[in-house]
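These values consider heavy atoms only, across backbone and side chains, with no hydrogens, waters or symmetry-generated copies.
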Amino acid sequence: MVLLMLLPSFASCAAGTKEDVSPVSSDGGNAAPSAPETEPEPVDPWLDDLPDSVDLNGRTFNILSRVEGEIFNEFVTDEMTGEVINDAIFQRNLNLEARLNAGIENTEIPGGDNAATSELERNVTAGSADYDLFCSNSYRTADSAYKGYLLNLIGLEHVDLSKPYWAKGLNEAASMGGRQYFATGPMSLGFYRYMMVDLFNKNLFSTAGIEMPYQTVLDGKWTLDFQNSLAEGFYQDLNGNGE
């Protein structure tokens, strides 16, 4: 998903006489007006940095994904429906196809992760290389990487995993020894479907004398280890058996 920021430009006017007044140099002549100082426009970190010369010459980019229950259309939507995210995905793909001179095809395998993974392994073992991108859950994808069915993402041309549209937390957890075989981010609908929310009881925090966690979240320190340390502050041995 690409976000475009439109920065308005402002022109300022000052009231003066009807005569055209030009700046005067030290020798009495008219000095050339100095060029206004301008600051470079900020670079939107959500935009990619692909060269404008990239042209896939009508090639079709093939995606293999699973279908099970609410899991469908991970990267491709069939039509505009009026739903915000669905339509953003649809328009994004149209823009990509036009920009890169390519098509996007999503092959959906019914039966969930097991069926999709079996199709991937069958295809790679046969040497067919029909698919460019495989979409599954993390633990099945990690198994496919271990078995050698996936390419190392680190070092691939035009793949920059430090970009903000890749999930940094997963990058840190899934990379090892200069290798990483899967990643995620907001380009996938699953990124939105499976967002999780932490809730906390403000009364219990106040009673226990524990600071509200808002600033901890803003500081980027809201981790599982931190949550475990919070749990220790609320633990009570109600029956005195030490368990």
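- What you find for Asn239 and Asn241 is that their closest heavy atoms are OD1-OD1, 2.8 Å.
- Annotation for Ala129 and Asn123: closest pair N-OD1, 3.2 Å, computed over non-hydrogen atoms.
- Here the side chain of Trp166 pairs a donor or acceptor atom with the backbone of Asp160 at under 3.5 angstrom.
- Side-chain atoms of Thr77 do not come within 3.5 Å of backbone N or O of Asn73 as any donor-acceptor pair.
- What you find for Phe182 and Leu170 is that their closest heavy atoms are CE1-CD1, 4.1 Å.
- Under the 6.0 Å cut-off for aromatic ring centres, Phe134 and Tyr149 do not qualify, their centroids lying 6.0 Å or more apart.
- Taking 4.0 Å as the cut-off between side-chain N and carboxylate O, Asp113 and Arg66 count as a salt-bridged pair.
- Remark: the backbone N or O of Asn86 is paired with a side-chain donor or acceptor of Glu83 at under 3.5 angstrom.
- Among all heavy-atom pairs drawn from Thr141 and Ser136, the shortest one is OG1-CB, 3.6 Å.
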Trace of the side-chain hydrogen bond (donor to acceptor under 3.5 Å, both in side chains) decision for Gln215 with Asp219: CA-CA 6 Å; Gln215 191 59 45; Asp219 292 340; 3.0 Å; yes
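- Judged by distance alone, the side chain of Asp132 and the main-chain N or O of Asn62 form a donor-acceptor pair under 3.5 Å.
- Classified by interplanar angle (parallel below 30°, tilted 30° to 60°, perpendicular above 60°), the ring pair Trp46/Tyr165 is tilted.
- Side-chain contact between Phe75 and Leu189 is absent, with no heavy-atom pair separated by less than 4.5 Å.
- Neither Val217 nor Met195 shares a network with the other; the hydrophobic side chains, linked directly or stepwise wherever heavy atoms of I, L, V, M, F, W or Y lie under 4.5 Å apart, form separate groups for each.
- Looking at Asn152, its side chain never comes within 3.5 Å of a backbone N or O of Tyr181 through a donor-acceptor pair.
- Donor-acceptor pairing under 3.5 Å is lacking for the side chains of Asn106 and Glu74.
- Around atom CG of Asp52, no more than 12 heavy atoms belonging to other residues, nucleotides or ligands sit under 6.0 Å away.
- Shown here for Leu64 and Ile109, the closest heavy-atom pair between the two residues is CD1-CG1, 3.4 Å.
- Listed for the Gln227 side chain is no donor-acceptor partner under 3.5 Å among the backbone atoms of Trp222.
- At a threshold of 4.0 Å, the pair Asp87-Arg92 does not count as salt-bridged, since none of the basic side-chain nitrogens sits closer than that to a carboxylate oxygen.
- Counting heavy-atom neighbours within 6.0 Å of Leu218 CG, excluding the residue itself, gives a total above 12.
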